[in-house]
Amino acid sequence: MSFYPSLDDDGTSINSCAENVPAGLGFGILDQSMETDDLSLDSDYRPPSYNPQSTVSHSNPSDPSQVVIDLTKSPEKSKKPPRPPPPKKPILGKSLETKDNVVKDLTVPQVRWFYKDESNKKAVKWLPFIGYDSCQLEYKYRQIYVHGDVPLEIERIPVQGGLFEVDIVEKKCYAIYWKDDAVDVLRGTWFYHSNQEPIDDNIAQQIETEHVKRFGGQTIVAELSPDPKQTKNAKPQKEVLLYQMRFKDCHVDWYSIKDVFMYSDSTSSRLARSIGTSIGFSKASSSGYRLLRGFPQEAFLEDKPPPISDLIFVVHGVGQIMDHSSIIKCCKDLRNSADKVKSKHFPDLISRTSTKRAEFLPVEWRTSLRLDDGIVDSITPQKLKGLRWMLNSTGMDVLYYTSPLHRSEIVKALHIELNRLYHLFCSRNPGFEANGGRVSIFAHSLGCVIVYDILTGWNPIHLYDQYLSHEAGSHPDLDTVSEEQQGLAAELNSARKRVADLEDKLLATNQVAVAINTPKLDFQLDALFCVGSPLAVFLALRGTRPQGNGSVTHIMPKSACKRIFNIYHPTDPVAYRLEPLILRHYSTIRPLKIHRADSTKQIPYHEIQPMAYSAATKKEEEMTARASEEPSSSSEIYDDMDDESGDGEQQDSPALNDGYMTRMSSGLSSMWAKWSRGNKIPELDALEDMERDMERSINMQIEAMDVNTGELSADDSVELDQRIDFEIKESSMSSSYLSALTSHTSYWATPDVALFILTQLFPDYLLS
């Protein structure tokens, strides 16, 4: 457990020093060499036993700089002799007195900058910036505070791959592309030896200034371990205090240039030290924390991420009004999942020579819209207010989008935000467009529909006008008129015909204006990843029907987007398939299963042959029967059930398929099956049985259609030019009805989805 002392502006005092050290001063030039700390010592190493009444110097009593001046209140001397110090380990392979062992100002690589981990609310945790970011921050810090070169406007330093920027003066980290709370940053010079956590910045600055002032230019001499046989009967060494600094809640002791310890001045810590020293323990071993000067891992400019080659906008769906930062958290989960997948399946993307990197940016379009100005909330009954508010915050977005009054406002908001983020990104990454950077969109739920309408320019108002023009005719009351009004009726019909001709001419010459007024993106879209998407239902209700030619351009023109992917969980109640809208018989073809991230074999998706539902169902039934007859091979069988090609996924070692590991695996599977059967809810079990019966009945009807209907069989020879529907593999240990409650929001942190995205963006970098 680490102790983090606090420091007030007027709460510091220094023994043997007349004035306080100004913050930010006392640091040297950039190119000075670092002090070589001895990192080979154990973290539990403590200085010799503490004797508070000793004033004997460590090596040269005549040297006044090494005389102990201890002004703290000392505990009573114990009658028992102090415990001898533990032996030191020898330092091998290092010169004891070299030029690098001279105490100098810390260099830029030795200083490490940190940012506060906001995800952990219970404890304060600091995370280090990568080497490149830390060096850039330290350069700017020294330019301002050491060299005094203060510009009129201090620019913020971009960090973490260009997603954030740091204000050196405020020591705050701000998000660039989205709104979020600022995060504290810290300049680390002194650290706790046990966990390498930085100490308080204000205290560290004063410790560093005083350390260089008192020991600057001195050589660090490391002592070798004494011979245990010679020290067995030797008198115990006495602890020598060289210098001490006091703060409000703690103090720091120097026993040598390298042995620096921090102590808390709380009542409990002082009591522990008093008891410890009275029975022979050293002061440091009782309650001290050994300090380390300079971060152990040096920061280098080469430690930086590759340039961004693929920009992915992450668009949310419904429910964003419930939590304004929801899409930011979801995008972070997706980014973290992609980073984990890279290390296993795309090692070349994380190498220092890589020139490819995918970056995810959240697109938040909902919270800035007022839409109904709160009228829906005013008409919501008070009973079940919480449930009704949740429904208003989620499902109401779909009703807003289908309303002609609010649809254009939603489309405009997303359109403006996408273009704004793109231009902001290009301004901060000037080489993105010049190097052929690609842009993709990862859209969830209703966001897929809105993005689709922006790309294709679909507008219900134009369709409604065409419908009215087609249905326009004479008024029913004017079908029959008297003889006196026949001339007036003929004049009316002539005028109506003249107006229709004028409308046709004007509409024919105004197509350019219509195209200009349609919202367009300022970038060419390379790929659209629809996740948990109801887009197929919207297209079906708009009149989209299969054409039978197998071209994806039937629903998505190549000029609008080069590739489209429809990713969904099999139990997601909001998601629908797109392929049957292109070829009707693909309703009988299974979607391609997305490879698991922990799979050892990644079969290219274009090599997987289409498989009908009926054939897949028979295969699963056969394998289930084999699993019941041969329990020892159940693990292999269930692997084959998830593989469309029928070859199965090979294990890393054939030995894992038999012997002890196989028996243990089958035993665990049997135990889980018994436990799950015993803990199932009867109603849920009945629903799952009903679902299986319905699937069996539907498959029988499809088989009958294949046999009795020649038209459907004739179209089976036509195939899609590229597959669109991709299904996440469902866990065999989860209930379909229970997973339906969470599957729609489970895509963000699923490694399988991240693996699929990177596979489509960087197919040449995937390990085969």
Side-chain angles (χ1 to χ4, degrees), residues 317-318 395 397-412 414-415 441 443 445-473 500 503-504 507-508 510-511 514-515 517-521 525 528 530-561 563-566 568 572-589 591 702 705 709 711-712 714-716 718-725:
V318 300
D397 287 342
V398 179
L399 300 181
Y400 285 141
Y401 192 68
T402 55
S403 169
L405 186 63
H406 302 296
R407 179 190 175 278
S408 60
E409 186 177 356
I410 294 175
V411 172
K412 182 180 179 181
L414 179 56
H415 170 251
I441 292 181
S445 190
L446 180 64
C448 305
V449 183
I450 306 175
V451 172
Y452 177 87
D453 290 347
I454 294 177
L455 294 175
T456 58
W458 187 86
N459 193 331
I461 303 300
H462 295 164
L463 295 180
Y464 186 67
D465 291 340
Q466 295 176 8
Y467 171 78
L468 291 180
S469 300
H470 178 73
E471 297 293 331
E503 286 182 349
D504 292 339
L507 185 62
N510 200 39
Q511 291 299 321
V514 172
N517 294 331
T518 302
K520 297 292 184 181
L521 296 177
L525 193 64
L528 172 61
C530 299
V531 183
S533 169
L535 176 61
V537 172
F538 279 79
L539 295 181
L541 296 180
R542 294 172 182 176
T544 303
R545 295 295 182 267
Q547 297 295 327
N549 56 8
S551 176
V552 180
T553 57
H554 174 53
I555 61 174
M556 177 63 74
K558 292 288 186 179
S559 58
C561 180
R563 297 176 296 173
I564 181 173
F565 304 94
N566 184 38
Y568 66 94
D572 187 351
V574 182
Y576 291 85
R577 295 190 60 184
L578 281 172
E579 291 177 345
L581 288 179
I582 303 174
L583 291 176
R584 181 65 175 270
H585 71 275
Y586 263 74
S587 61
T588 66
I589 303 297
I702 293 175
M705 292 175 62
T709 307
E711 296 179 357
L712 185 61
D715 292 338
D716 287 349
V718 181
E719 295 185 359
L720 291 173
D721 53 4
Q722 66 180 49
R723 296 300 300 268
I724 300 177
D725 293 335

* Structure fact -> Taken in chain and number order and not counting sequence neighbours, the residues that satisfy ring-ring contact (aromatic ring centres under 6.0 Å, His included) with H406 are Y400

* Within-4.5 Å side-chain heavy-atom neighbours: E719 and I589 -> no

* Determine the minimum heavy-atom distance between I582 and V552, stating which atoms define it. => CD1-CA, 4.0 Å

* To do: To the nearest 0.5 angstrom, please state how far the OG atom of S551 sits from the NZ atom of K558.
  => 7.0 Å

* Quick one: are S533 and Y452 in side-chain contact, heavy atoms under 4.5 Å? -> no

* Least distance between heavy atoms, P534 atom then S445 atom -> CD-O, 3.3 Å

* **ring-ring contact (aromatic ring centres under 6.0 Å, His included) involving F538 - partner list, sequence neighbours excluded** => none

* Atom OG1 in T553, atom CD1 in I564: separation rounded to 0.5 Å? -> 12.0 Å

* Is a side-chain donor or acceptor of R407 paired with a backbone partner of P460 at a separation under 3.5 angstrom? -> no

* T402 side chain to V398 backbone, donor-acceptor under 3.5 Å -> yes

* When rounded to the nearest 0.5 angstrom, what distance separates CG in L720 from CD in E579? -> 5.0 Å

* Asked: Which residues pass the side chain to side chain donor-acceptor pair (under 3.5 Å) test with D572, sequence neighbours left out?
  -> H744, Y747

* To do: Please report the shortest heavy-atom distance between A443 and C448, naming the atom on each side.
  => O-SG, 3.0 Å

* Can you measure from OG (S408) to CG (N459) and round to the nearest 0.5 angstrom? => 8.0 Å

* Any side-chain heavy atom of I450 sitting closer than 4.5 Å to one from H415? -> no

* Given side chains that start at C-beta, do those of Y401 and V411 come closer than 4.5 Å, heavy atoms only? -> yes

* Look up atom CG in D453 and atom CD1 in I410, then write down how far apart they are to the nearest 0.5 Å. => 11.0 Å

* Please tell me if the side chains of I724 and I555 come closer than 4.5 Å, counting only heavy atoms from C-beta onward. => yes

* Could you walk me through whether R542 and L539 pass side chain to side chain contact (heavy atoms under 4.5 Å, CB included), step by step? => CA-CA 5 Å; R542 294 172 182 176; L539 295 181; 4.3 Å; yes

* Locate the shortest heavy-atom distance separating L455 from K520; write the atom from each residue and the value. => O-NZ, 4.5 Å

* Under 3.5 Å, side chain of H554 to main-chain N/O of R545, donor-acceptor pair present? -> yes

* Check: L578 and D725 side chains under 4.5 Å, non-hydrogen atoms -> yes

* Gap between atom OG of S587 and atom CG of L581 - 0.5 Å precision -> 10.5 Å

